[in-house]
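A short worksheet on the structure shown next.
So that the names make sense, note that chain A is the first sequence line, chain B the second, and so on, each numbered from 1. Predicted model only: the values in this text are computed from it and were never measured.
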Protein chains: 2
Amino acid sequence: MTTSTSGSEQRIPDNTVEKKSDVAIAQDHALRPIQEIAREAGIPEDALIPYGTTKAKVDPTKLGEGSDARLVLVTAMSPTPAGEGKSTTLIGLVDALRLRGHKASAALREPSQGPVMGIKGGAAGGGYSQVVPMEDINLHFTGDFHAITAANNTLAAAIDNHIHQGNKLNIDPRRVTWQRCMDVNDRALRHVVTGLGGPAHGVPAETGFSITAASEIMAVLCLATDRMDLKRRLGSMTVGYTYAGKPVTVSQLGVAGALTALMRDAINPNLVQTLGGAPAFIHGGPFANIAHGCNSLMATRTAMACSDIVVTEAGFGSDLGAEKFFDITARAGRLTVDAVVLVATIRSLKYNGGVQVSDLTTENTEALREGLANLGAHVGTVRQFGVEPVIAINAFPTDTDAERALLDDWASEQGIALVSSTVWAHGGHGGLELAEAVEKVLDAPRDAGQRGSQAIYDPAEGVENSIRTIARRVYGASDVEFSRAARKQLEQLREHGLDTLPVCISKTQYSFSDDPTQLGAPRGHTLHVRELVPRTGAGFVVVLTGNVMTMPGLPKSPAALRIDVDSEGTISGLF
Amino acid sequence: MTTSTSGSEQRIPDNTVEKKSDVAIAQDHALRPIQEIAREAGIPEDALIPYGTTKAKVDPTKLGEGSDARLVLVTAMSPTPAGEGKSTTLIGLVDALRLRGHKASAALREPSQGPVMGIKGGAAGGGYSQVVPMEDINLHFTGDFHAITAANNTLAAAIDNHIHQGNKLNIDPRRVTWQRCMDVNDRALRHVVTGLGGPAHGVPAETGFSITAASEIMAVLCLATDRMDLKRRLGSMTVGYTYAGKPVTVSQLGVAGALTALMRDAINPNLVQTLGGAPAFIHGGPFANIAHGCNSLMATRTAMACSDIVVTEAGFGSDLGAEKFFDITARAGRLTVDAVVLVATIRSLKYNGGVQVSDLTTENTEALREGLANLGAHVGTVRQFGVEPVIAINAFPTDTDAERALLDDWASEQGIALVSSTVWAHGGHGGLELAEAVEKVLDAPRDAGQRGSQAIYDPAEGVENSIRTIARRVYGASDVEFSRAARKQLEQLREHGLDTLPVCISKTQYSFSDDPTQLGAPRGHTLHVRELVPRTGAGFVVVLTGNVMTMPGLPKSPAALRIDVDSEGTISGLF
């Protein structure tokens with residue numbers, strides 16, 4: 001296994017590769033008409049709803065039933081501030097699979113517009129492994145996030161109006177749990193007081209805004225199997241509690257139909273293309289901690305209906321995103337995963353071995369060896385779900401031969417498939433080895449009766465058991481400690497008939513434990529459960545193990561200061 | 001002039017006309033592909049950006065230069081709770097003009113989604129004079145309002161972030177004038193406190209949200225002549241004041257480029273069709289009191305580039321919308337109005353003659369005669385701008401022969417063209433008489449050197465003079481009284497070089513005076529100016545003469561309770 005010069009989406013200086021921003025690479029690329037991409041994928045003309053000439057929505061009800069497509073899940077080692085390049089690897093893998101003759105497509109999350117204006121400046125892969133048109137995908141796209149914002153805030157207005165107009169349902173104004181949302185990074189909206197100004201202007205309330213990706217409606221969109229399931233889930237969402245402590249749902253407020261009408265178009269998956277010309281179904285982008293962090297089920301299914309191989313991703317590391325993919329998404333959508341790609345970088349491994357961010361470009365085989373414990377633990381996690389992973393090392397120009405040799409030796413010893421990927425610099429051509437390794441997993445003979453992946457807990461055994469199983473088998477914890485509040489909430493879940501929902505654990509992405517400073521592969525720790533929040537529309541119980549920030553802020557020098565547009569409408573300043 | 005049985009957009013019971021909701025009429029109509037509508041209008045294929053098969057955006061830079069199209073402005077008598085049917089009349093007139101062989105099109109405002117969920121339940125004409133697809137136009141449409149919301153709130157976040165990160169510009173946090181917005185009717189957002197929760201969460205501030213239609217960015221979009229003018233205007237917007245009292249603009253914050261990028265697509269006018277198959281350019285929807293209440297200049301110009309006759313509208317009565325059209329929009333866009341249609345109803349005339357809403361269906365010629373003073377005053381207003389109006393009576397089944405005869409006599413005596421319109425019930429066929437009357441005005445020989453309409457004041461003479469001129473000549477006031485605050489603001493306008501901006505007077509729409517209870521045609525009253533707010537991006541000074549509510553609330557039984565969608569995606573419950 002050799003690694004050629006390459007880059008990453010973190011833009012490490014690299015003198016051997018032409019220096020072009022992502023947006024410049026994307027804009028210099030000649031996009032194929034979206035009709036052509038759709039035709040190639042076998043999407044009938046009447047199922048395609050164009051948004052301009054290079055974006056479209058696809059009506060899945062007009063596609064054929066079922067598919068034999070095989071599903072590849074891309075996950076990663078524990079995220080670090082250096083970044084790993086999961087989406088970039090995914091897109092490059094799809095292009096490589098196509099170069100190798102497969103009818104492959106990507107199923108991805110939509111980027112959130114707030115962070116585009118903040119630190120990120122765009123998120124649609126990077127370098128020569130991007131989805132395009134990247135400016136459109138990063139800004140507004142086909143309006144899905146805006147539809148969610150509108151539905152979320154129409155619901156908030158309906159709740160406050162109900163209380164204002166006489167409060168027939170007897171909602172306790174102090175126990176309204178539904179918050180407003182906005183797809184903007186705005187820390188000043190985290191904690192607000194609304195309804196001030198006197199009796200004509202509503203009932204004062206302490207509340208807050210989350211970013212749209214954190215709205216339960218985003219999770220609902222991503223788990224819904226069709227329009228009527230969407231309406232049922234929206235109607236089942238809990239918005240607060242009565243003075244008597246009974247949950248109040250959207251259906252009781254009578255606005256499930258209106259919210260579904262606002263989501264009528266948003267439910268259809270979006271179709272764009274990779275730089276290699278593969279179909280990319282980009283749809284939904286839920287948070288990966290308080291929600292499940294995967295693109296919509298409908299996008300994955302639609303992709304599977306028109307491909308032989310679909311590559312999709314899950315947020316953060318395998319302990320968070322992949323676990324939720326197997327235990328929540330795959331369960332809800334009856335999906336089976338046929339192969340898993342585990343993305344890592346030498347830099348991030350060294351970081352997990354104790355190196356500071358500023359020193360990551362210096363060779364350090366000792367730290368690399370230390371950090372491999374983290375990667376090994378993720379391999380273990382993936383195997384828990386019944387799949388043998390392929391490790392993709394997203395290569396950087398600062399990686400050294402000694403470091404690469406160490407990695408190869410480690411992989412051979414452990415009997416793990418490990419390949420380098422240079423898709424950032426070379427597009428699909430940089431992912432051919434990875435594609436070959438994935439094919440091997442897909443083509444490996446299976447034992448009779450055994451087919452792919454499985455969930456690791458049975459929700460029927462109750463929320464406490466589900467949490468304990470994940471903590472032990474995925475996080476390597478030896479115990480789980482519930483706060484007094486969480487204990488009480490466990491009782492309430494049983495009382496309200498919600499104890500058999502799957503769990504969605506919100507935990508720091510930086511560590512297997514709930515302590516972000518415990519890098520590597522901590523074992524024997526205790527998981528501290530602070531709070532349990534039923535999300536009755538999404539159909540899971542959020543398990544909070546720390547403070548979660550659901551509304552980001554802007555940095556001192558936000559990307560917005562560098563974004564511009566010229567008289568032709570060409571946008572610059574996106575990464 | 002005869003009046004046949006008819007209806008109105010207010011849905012008065014009418015046993016002679018098939019009872020179908022607007023949305024049912026619209027859904028039963030077979031829409032023509034938007035490509036066909038565009039081709040007929042001479043829009044080149046590469047200028048059309050489809051959003052599905054029945055909506056599109058048009059890139060005006062790809063259309064031919066200039067046009068000899070004639071422009072018809074639809075305005076109305078003073079609005080009443082009974083409604084007048086301005087948009088319905090406009091759409092029917094366009095369809096009638098087409099039936100009479102003209103290449104006619106409509107330029108209209110986009111409906112705001114907040115009121116769709118509130119009282120209105122939709123706004124795209126009514127009955128057999130609608131623009132379609134009405135559900136799409138009413139919900140999200142092509143995302144223009146969402147783009148404005150995003151730009152507005154990205155700016156709000158950038159302001160608060162600037163203060164949070166050290167406040168280099170020395171912005172006085174108490175004097176930030178920029179508010180957030182949302183396209184939702186939500187009274188609880190009128191007065192809020194943001195930035196609570198401690199130093200990590202921003203600087204606490206008393207602020208509020210307006211509905212998106214009231215954002216200055218909406219006014220900017222509607223007055224911009226092209227993308228670079230949009231960027232210049234966005235950069236010129238005032239967001240607040242420094243501790244030293246100096247205005248702070250968007251350019252100083254450095255985010256004009258980012259806001260323009262967010263508005264990149266929104267600047268292109270939208271193309272849909274009337275039920276009669278005419279092109280309808282629907283774009284922008286600014287408030288008609290704190291803003292100018294007309295669709296975008298770019299939509300009107302685009303319509304003029306591909307039509308012989310363009311019919312457009314201005315909000316509220318002629319004292320508000322039409323005045324602003326002539327003095328702000330037409331001036332900014334160098335437009336000349338060739339004919340004006342003044343919409344009135346017998347019911348609204350009786351209301352202006354002192355009849356209660358509940359009694360409007362009872363014959364009352366005495367009250368009608370009284371109420372004609374209002375219509376007469378609007379005729380006078382329109383003539384001030386150099387155009388002879390045609391009165392369109394939007395006929396209702398409850399209008400009686402005696403009432404109609406009285407109207408005809410009055411019009412003959414006064415030498416005013418007055419025709420009945422039954423476009424709600426009969427589409428374009430119900431507007432043929434109106435079309436003929438409009439043609440007569442368009443074809444009337446003009447004095448040499450005289451070409452159509454003109455503004456009534458010269459902004460160069462200062463804001464005070466502009467206000468006094470409008471008050472005297474349009475409102476019939478004999479004096480203007482400035483509050484102490486307004487006096488001080490007049491001085492500040494001079495100081496900041498803003499005294500020669502046109503004025504945008506915010507006044508109750510129900511009366512020519514600033515007292516909503518003074519119906520008919522009050523004369524000799526005093527206009528009370530409370531406050532002056534420079535809108536340096538839109539390029540006008542808002543003159544507040546009363547309390548303006550820029551965020552509506554939901555009623556006790558909002559339309560949202562009746563809106564639904566079925567498994568096919570068909571929406572019901574819109575009016």
Less than 4.5 Å to any heavy atom of chain A: does that hold for the side chain of [X], its backbone, both, or neither?
{"X": "P204(B)", "answer": "neither"}
{"X": "K231(B)", "answer": "side chain"}
{"X": "P50(B)", "answer": "both"}
{"X": "D226(B)", "answer": "neither"}
{"X": "D566(B)", "answer": "backbone"}
{"X": "S567(B)", "answer": "both"}
{"X": "L262(B)", "answer": "both"}
{"X": "R187(B)", "answer": "both"}
{"X": "H146(B)", "answer": "both"}
{"X": "I267(B)", "answer": "neither"}
{"X": "H162(B)", "answer": "neither"}
{"X": "V192(B)", "answer": "both"}
{"X": "L554(B)", "answer": "both"}

Mark yes or no for whether D160(B), through its side chain, and D186(A), through its backbone, hold a donor-acceptor pair below 3.5 Å.
no
Give a yes or no answer on whether the side chain of R264(B) reaches the backbone of L139(A) with a donor-acceptor pair at less than 3.5 Å.
no
For the atom pair CD (E568(A)) and OG1 (T61(B)), what is the distance rounded to the nearest 0.5 Å?
7.0 Å
E36(A) CD: over 12 foreign heavy atoms closer than 6.0 Å:
yes
Heavy-atom count check: over 12 atoms from other residues, nucleotides or ligands less than 6.0 Å from E206(A) CD?
no
Could you check whether the rings of F209(A) and F209(B) sit parallel, tilted or perpendicular, using 30° and 60° as the cut-offs?
parallel
Grab the two heavy atoms, one from L189(B) and one from T194(A), that are nearest each other, plus how far apart they are.
CD2-CG2, 4.0 Å
Can you give me the closest heavy-atom contact between Q113(B) and A150(A), atom names plus distance?
NE2-CB, 3.5 Å
So which of A205(B), G166(B), G195(B) has the biggest tally of heavy-atom pairs under 4.5 Å with chain A?
G195(B)
Can R190(B) and H201(A) be counted as having a side-chain donor-acceptor contact under 3.5 angstrom?
yes
Which atoms of R180(A) approach chain B - backbone, side chain, both or neither, heavy atom under 4.5 Å:
side chain
